[in-house]
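Read the numbers this way: they start at 1 and go in the same order the structure lists the ligands and their atoms.
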Amino acid sequence: MRYFFLHLLVFIASTSVAQQKTAAPLPSKQQLAWHETEYYLFMHFGPNTFSGKEWGEGTEPADMFNPTNLDCRQWARVAKESGAKGIIITAKHHDGFCLWPSKFSKHTVRESKWKNGQGDVLKELSQACREFGLKFGVYISPWDRNHPDYGTEKYNDVFVGMMKEIFQNYGPIWELWWDGANGEGPNGKKQVYDWRRYENTVRQVSPRTVIFSDIGPDIRWVGNEKGIASEPNWNFLDTAGFKRGEGAPPTDTLGRGNYNGSLWIPAECDVSIRPGWFWRTAENDKVKTPKQLFDLYLKSVGRGANLLLNVPPDSRGLIHEKDSAALVGFKNLRTESFGENLLKQAETYYEFTQRDFSQKPFVIRSFDSTVTSYGINLQNFVVKLKQPSKVNCIVLREAIHLGQTVRRFSVVLYNGEKAIGEIQGRSVGRKRILTFPTTNITSFRVYLEDAEGHDNISGIAAYLIDEKLIEK
Ligand code: FUL
C-alpha cells in the first residue's frame with residue numbers, strides 16, 4: 001500500500017496514452033471485440049426439448065423434433081430486449097440431430113415432420129439475428145451418438161464438412177463453441193478428434209470467428225457451469241501439454257487463468273437460466289430470478305469475463321414467458337443500477353495523481369466506463385466527488401488492448417481526510433465491478449499495487465445500487 005501518497009495535496013494527472021512497454025500477450029482484434037460483447041444468450045434446442053432429456057441417446061426418431069410455433073424472431077427480440085449482444089445455438093448436440101439440413105447426416109430437420117422437412121433453424125435464426133443486430137454463434141458437439149461414422153477416421157471428414165456447411169451457408173459466424181465431450185458413438189467407439197484439422201478449417205474458412213473450448217484457442221471455459229468467474233481472473237492461459245475435454249487443465253486453473261500464461265485466452269462463463277440446459281415443463285417454475293441473474297452478472301462480467309446465459313426455447317419453439325420475464329427483470333436491474341454514474345455529474349472534480357510531479361495539474365474529462373480508446377498510466381489516483389455521496393459500487397476498467405497489467409489493487413474510501421473503507425482486489429481486466437456496504441464518501445483513491453509503470457486504467461465509475469442486490 002502506497003500510503004506515501006495519501007498526504008499529498010497536489011494532484012497531477014496526464015491523459016497521454018500509455019505507450020510504454022506492455023506485457024505480452026495481447027488480445028487479437030477479434031478477441032477484443034468479443035470482450036466488448038459482455039453478455040449474450042446460449043440456446044439449447046433439439047430433440048431433448050421434446051423428450052425432457054439432457055443428453056439424447058441419438059436413437060430418438062427425427063419426428064420427435066416438431067415445434068408447433070417456432071419463431072426465431074421472437075428469440076432475437078427477447079435477446080435484444082434483455083441487452084444481450086448475440087445468440088449461440090446448439091446446431092448439433094451430443095445426440096447428433098442437426099438443426100440444419102446437413103448433407104453429411106440423415107438425422108436432421110429434413111428428416112423431421114417440422115415444416116414437412118423443409119425447415120432450417122440455423123437459417124431462420126441467422127436471419128433473425130441479422131435483423132435484430134445480434135451476433136450469431138454456433139455450438140457444435142463433436143461427440144455424436146447418432147452418426148454411423150463416429151468412431152472412425154471418416155467422421156473427422158463429416159465434422160469438418162458440417163462446420164464448412166455452417167460457415168458457408170449461415171455466416172458470418174461470430175463465435176464457434178466446441179464442446180470437449182468425447183463419449184461413445186452408435187458403434188461403441190470413441191472418436192479420436194482431429195482438433196488441429198478442425199482448427200485449421202475454421203481459420204481458413206472463417207478467420208474472424210472466435211473459437212471457444214476448454215482451452216481456446218480464443219476463449220476458454222471458466223471451469224464451472226455456474227456462471228461464476230474467479231477472482232483473480234487472468235486473461236492468460238498456458239495450453240501446452242493440455243487437450244480439450246478430459247485432458248484439459250484443472251478447473252480451478254481454467255477459472256483463474258495462469259498469472260504468467262503465454263497466451264491471451266479469456267474466460268467465458270456459461271450457465272443456464274434453468275436447472276437444465278434444455279427446456280422442460282417441470283422447470284418452468286425454476287427459472288432464475290432477476291436478482292439471481294444480476295448476482296451472476298457481478299460474478300462474471302464484474303470479474304472481467306463474459307456471461308453466456310442459456311435460455312432454452314420450449315417445445316413450441318418460443319422463449320417461455322417465465323424466461324423472458326426474468327430477462328426483462330434482469331435488464332431493468334442493470335439499467336437501474338448502472339444508469340447513473342455518480343462521477344459523471346462532476347467531471348471537473350476528477351483529479352489524478354501521478355509520480356511525475358513536474359506536470360501541471362490536469363483534469364481528465366469524459367472519464368467513464370465507456371471509454372476504451374485510451375489508458376492512463378498511473379500508479380494511483382484520487383477521484384473527488386462534487387459532494388459527499390452514498391456509494392456502494394465502483395467499476396474499474398483496464399485498457400486491455402494494451403494487455404492485462406494490473407496485478408493487485410486497492411480502493412480506499414474517504415470521508416474528508418479520513419479513510420473509512422478499503423476494497424482490495426487482484427485482477428481488473430475488461431471490467432471489474434466492486435460492491436461494498438453503502439458508504440458516504442467524499443473521495444476515493446485507487447492504488448495499483450505491484451504496478452510496473454504501465455498499468456492502464458481506462459474507465460472508472462461509481463454507483464449507488466439497490467442494497468438488496470449486493471447483500472451477502
Ligand atoms: C456440456 C454438455 O454436455 C451439456 O449438455 C451442455 O451442452 C453444456 C453447455 O456443455 O459439455
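Aromatic ring orientation, W177 versus Y139: parallel (interplanar angle below 30°, classes split at 30° and 60°).
F159 and Y198 have their aromatic ring centers within a separation under 6.0 angstrom. Ring-centre distance between F330 and F294: not below the 6.0 Å cut-off.
In summary, K92 and D144 engage in a salt bridge, as defined by a charged side-chain N under 4.0 Å from a carboxylate O. For K431 and E38, the salt-bridge test passes: some basic side-chain N is under 4.0 Å from an acidic carboxylate O.
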I'd like the atom pairs linking ligand 1 to the protein - N or O on both sides, separation under 3.5 Å - with distances to 0.1 Å.
{"from": "ligand 1", "atom 1": "3 (O)", "to": "W55", "atom 2": "NE1", "distance (Å)": "3.0"}
{"from": "ligand 1", "atom 1": "3 (O)", "to": "H94", "atom 2": "NE2", "distance (Å)": "2.8"}
{"from": "ligand 1", "atom 1": "5 (O)", "to": "W55", "atom 2": "NE1", "distance (Å)": "3.1"}
{"from": "ligand 1", "atom 1": "5 (O)", "to": "H93", "atom 2": "NE2", "distance (Å)": "2.9"}
{"from": "ligand 1", "atom 1": "7 (O)", "to": "H44", "atom 2": "NE2", "distance (Å)": "2.7"}
{"from": "ligand 1", "atom 1": "7 (O)", "to": "H93", "atom 2": "NE2", "distance (Å)": "2.9"}
{"from": "ligand 1", "atom 1": "7 (O)", "to": "Y139", "atom 2": "OH", "distance (Å)": "3.4"}
{"from": "ligand 1", "atom 1": "10 (O)", "to": "D179", "atom 2": "OD2", "distance (Å)": "3.0"}
{"from": "ligand 1", "atom 1": "11 (O)", "to": "D179", "atom 2": "OD1", "distance (Å)": "3.0"}
{"from": "ligand 1", "atom 1": "11 (O)", "to": "D179", "atom 2": "OD2", "distance (Å)": "2.7"}

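Here H94 pairs with W55, W143 under the ring-ring contact (aromatic ring centres under 6.0 Å, His included) rule; sequence neighbours left out.
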